[in-house]
Amino acid sequence: METQEVLTKCIRKDVWGLISFSAKTTLFLSVFCLLLFSSISVEAADNENCLMCHKYRQIGRIDEEGKKRSYYVDENIYANTTHRNVPCRDCHTYITKLPHDPITEEVNCANECHIKPPFSKENFSHKKIIEVYNNSVHGIKKEDAPELKSAKPHCKYCHLNPIFTRVQEERIAFDKTLSRCLNCHEQKGVTQAYKHITHRLRHKTSRSPKEIVNLCSKNCHQEVDLMKTLKVSHESLEAVETYSQSVHGKSVALGSQDAADCISCHATNAIHDIYKKDDKKSSVHAENRTETCRQCHTNVGDQFANIDVHSKLDPEKKPVLYYMNTGLTFVFYGSVLGLVGLMLIETVGRRRDGIKWQIRRGTTWRGISKIKTDIKKILNK
Amino acid sequence: MPGEPKRLEHPKSVYVIGFIFKIITIAVLIGVTYQITFSHHGPGLLIPVQKKIEAQQKSAILEEVKRQEEYEKHRHFHNIVDFPSLPEASRPVCYICHSDYPHSKNKKVRALLNMHTQFFVCETCHIEEIKDTDIVYKWYNPFNENPSGPFFGTSYNQDTGNLAEVEDQFSKIAPYFRFGDNQDLAIKAQDAPLAKDYMNVRDQLTPEQRDNVKKKFHVNIKAKGHECKACHAKKGILEFKKLGFAVNRIVDLEQLNIKGMVTKYEKFYIPKLFSD
């Protein structure tokens with residue numbers, strides 16, 4: 001009886017909405033429609049009404065270690081994310097009671113959720129890609145030192161709950177193609193599914209190269225002290241620095257959407273299969289490098305692929321490159337600074353001659369040279 | 001002008017071209033200077049100096065706090081939008097010591113209690129009643145004497161069923177003392193004279209002196225706030241209707257919408273929580 005009472009109370013809010021929507025419907029039909037509406041709304045995944053509390057942005061606390069913890073989930077954003085139909089406890093399995101106990105576990109993305117993807121009878125899971133990831137250089141291995149284990153990124157470190165966004169790509173005729181899909185499929189699901197697929201068509205990821213570089217660098221690969229404690233190779237230690245000095249790094253820093261970012265070279269389209277370069281599975285292994293370069297530089301050969309992308313200008317290891325670069329630097333700065341210097345010397349000289357500096361009437365220099373004035377004075381005398 | 005050299009008589013286009021070239025020259029000069037001094041793509045002549053200054057100003061605490069905040073963004077996974085926050089001077093004085101997440105003692109409900117700070121100021125819950133003085137609850141906005149709403153949390157979006165999005169991000173329910181026809185705000189902002197004075201001299205005070213001053217901030221403040229039932233009930237302290245809440249929202253707030261929780265959770269003890 002108690003449960004029934006609670007449920008009755010809960011659906012009252014929606015009843016109010018329906019009364020305004022159609023005063024002519026009977027109460028029975030209102031309740032029926034209400035349940036139907038509930039089943040297709042945002043609350044479909046939130047059948048336990050977790051958002052009753054978690055939709056407020058101030059829900060959070062400072063934990064015992066002094067860390068700020070936010071438990072906020074924006075319901076409007078959540079309704080447009082990939083996981084909108086996944087019940088909260090499919091991921092947060094450790095929540096068993098209310099109020100919750102302090103959380104000690106992390107979400108395991110390899111869990112099966114109660115969603116059956118199209119053309120499949122099995123519950124959805126990220127297991128397959130997690131297997132790829134676990135085998136990659138970022139996967140936690142038994143032999144890893146504790147500090148390395150804790151430093152390796154987990155799924156959530158790189159991924160935010162993805163939002164369905166329509167790709168801004170002219171070659172994908174969104175409206176035309178989608179309208180053909182709608183000939184057979186219902187709009188609601190197929191629109192989301194179409195966005196889900198198309199926004200991955202342009203690049204390997206939907207993030208910009210700059211975002212990818214920032215993600216890999218910030219708090220991780222660019223932190224030289226951290227990398228040293230993890231005992232990475234000397235090349236890896238300088239990877240961010242050498243990349244930022246390369247033509248790829250500079251193009252990305254200047255806003256290029258086509259220049260290579262980290263995963264353009266270090267992963268295949270599976271994205272998560274990043275291996276050390278000595279590993280034959282690696283996309284930057286000597287045997288695979290040409291194919292990797294050909295993703296952008298079509299028709300190039302092995303010689304092109306041997307160009308050092310993460311080149312460090314070391315006078316001992318690469319003297320020719322180092323001295324060429326130093327020479328060109330001198331030529332560049334020498335030209336610009338020499339020109340400015342000459343202008344300054346000329347200016348000082350003219351001032352010393354007594355010529356006035358005026359920015360008007362079409363010239364910056366006016367008046368008669370002091371020397372000429374002196375000569376005139378002598379002649380007049 | 002007779003007598004002046006012809007070279008001074010330039011057409012207007014020359015002025016325009018000259019101006020453009022001057023701008024280009026200045027831009028190149030600035031770019032080259034930056035390239036030589038601070039850019040990581042050039043020799044970076046002044047980068048060691050910059051690093052030295054930064055190292056002198058380094059704070060281990062500040063760095064750790066920033067690192068934790070960054071980590072929390074990665075840990076959270078659900079997309080978090082940045083909301084505008086009040087400038088320090090306009091924030092209630094309580095935040096000087098108690099922060100955005102003031103509740104920490106009761107482990108079961110601290111996050112839930114902190115959640116309420118989105119809707120009302122601390123005093124709304126922790127105000128000590130004064131004998132023979134009425135307390136009125138109204139929306140308070142530090143930038144607007146008479147905020148008219150719509151306020152966040154007062155109504156649902158009819159299409160989505162979610163809470164309606166609003167422009168007013170700062171209004172909160174606050175208590176006012178009623179003296180006859182006058183209503184005095186019962187809270188103090190950080191730009192109040194006492195708060196400003198305290199901020200200036202607090203480092204010079206001994207711990208005992210600081211405690212004494214703090215007591216002045218807690219006049220009419222009780223440590224334990226209202227119980228849930230005080231508001232989440234019919235005829236509660238807050239008159240939801242007068243405060244502009246929609247009818248269906250009032251029903252939810254008065255009865256609490258706990259659909260599914262009773263049956264789906266292994267243990268469910270919100271009722272006990274209410275009686276604590």
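Bear in mind that the values here come from a model prediction, so they are computed numbers and not experimental data. All chains are named by letter (A, B, ...) in the order of the sequence lines, taking the proteins before the strands, and each is independently numbered beginning at 1.
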Turns out that what part of A:Thr81 lies under 4.5 Å from chain B's heavy atoms comes down to side chain
Among residues 213-221 of chain A, those lying within the under-4.5 Å heavy-atom range of chain B are A:Leu215, A:Lys218, A:Asn219
Okay, B:Leu29 and chain A: the region with an atom under 4.5 Å from a heavy atom over there is side chain
Heavy atoms, side chains only, cut-off 4.5 Å: are B:Pro102 and B:Asn114 in contact? yes
message = Is the ring pair A:Tyr71/A:His54 parallel, tilted or perpendicular, if the boundaries are 30 and 60 degrees?
response = perpendicular
Taking every heavy atom of A:Arg89 against every heavy atom of A:Ile95, the minimum-distance pair comes out as NH1-O, 2.9 Å
Pair B:Glu69, B:Lys66 - check salt bridge (Lys or Arg N to Asp or Glu O under 4.0 Å), show working. CA-CA 5 Å; B:Glu69 280 182 2; B:Lys66 282 182 181 170; over 6 Å; no
* B:Gln35 and A:Tyr333, any side-chain heavy atoms less than 4.5 Å apart -> yes
Residue from B:Arg67, B:Glu64, B:His74, B:Glu70 scoring the most non-hydrogen pairs under 4.5 Å with chain A is B:His74
Under 4.0 Å between a Lys/Arg side-chain N and an Asp/Glu carboxylate O for B:Asp100 and B:Arg91? yes
Taking 4.0 angstrom as the limit, do A:Glu64 and B:Arg110 come out as a salt bridge? yes
If one checks every heavy atom of A:Leu337 against chain B at 4.5 Å, the contacting part turns out to be side chain
With sequence neighbours left out, the residues meeting ring pair (Phe, Tyr, Trp, His ring centres under 6.0 Å) with A:Phe332 are none
The interface call for A:Glu241 against chain B, heavy-atom contacts under 4.5 Å, is neither
Max heavy-atom pairs within cutoff under 4.5 Å with chain A, candidates B:Ile80, B:Asn157, B:Ile36, B:Thr25, goes to B:Ile36
Cut-off 4.5 Å, heavy atoms of chain B, and the answer for A:Lys68 is both
Whatever's closer than 4.5 Å to a heavy atom in chain B on A:Ile77 counts as side chain
Students often mix this up, so state it plainly: with edges at 30° and 60°, are the rings of B:Phe152 and B:Phe119 parallel, tilted or perpendicular?
parallel
Counting heavy-atom pairs under 4.5 angstrom with chain B, the leader among A:Lys67, A:Arg69, A:Glu106, A:His154 is A:Arg69
With chain A, the option among B:His116, B:Glu165, B:Gln68, B:His76 that has the most non-hydrogen atom pairs under 4.5 Å is B:His76
Q) Does some side-chain heavy atom of B:Cys94 sit less than 4.5 Å from a side-chain heavy atom of B:Glu123? A) yes
B:Lys172 and B:Tyr95 have their tightest heavy-atom pair at NZ-OH, 3.4 Å
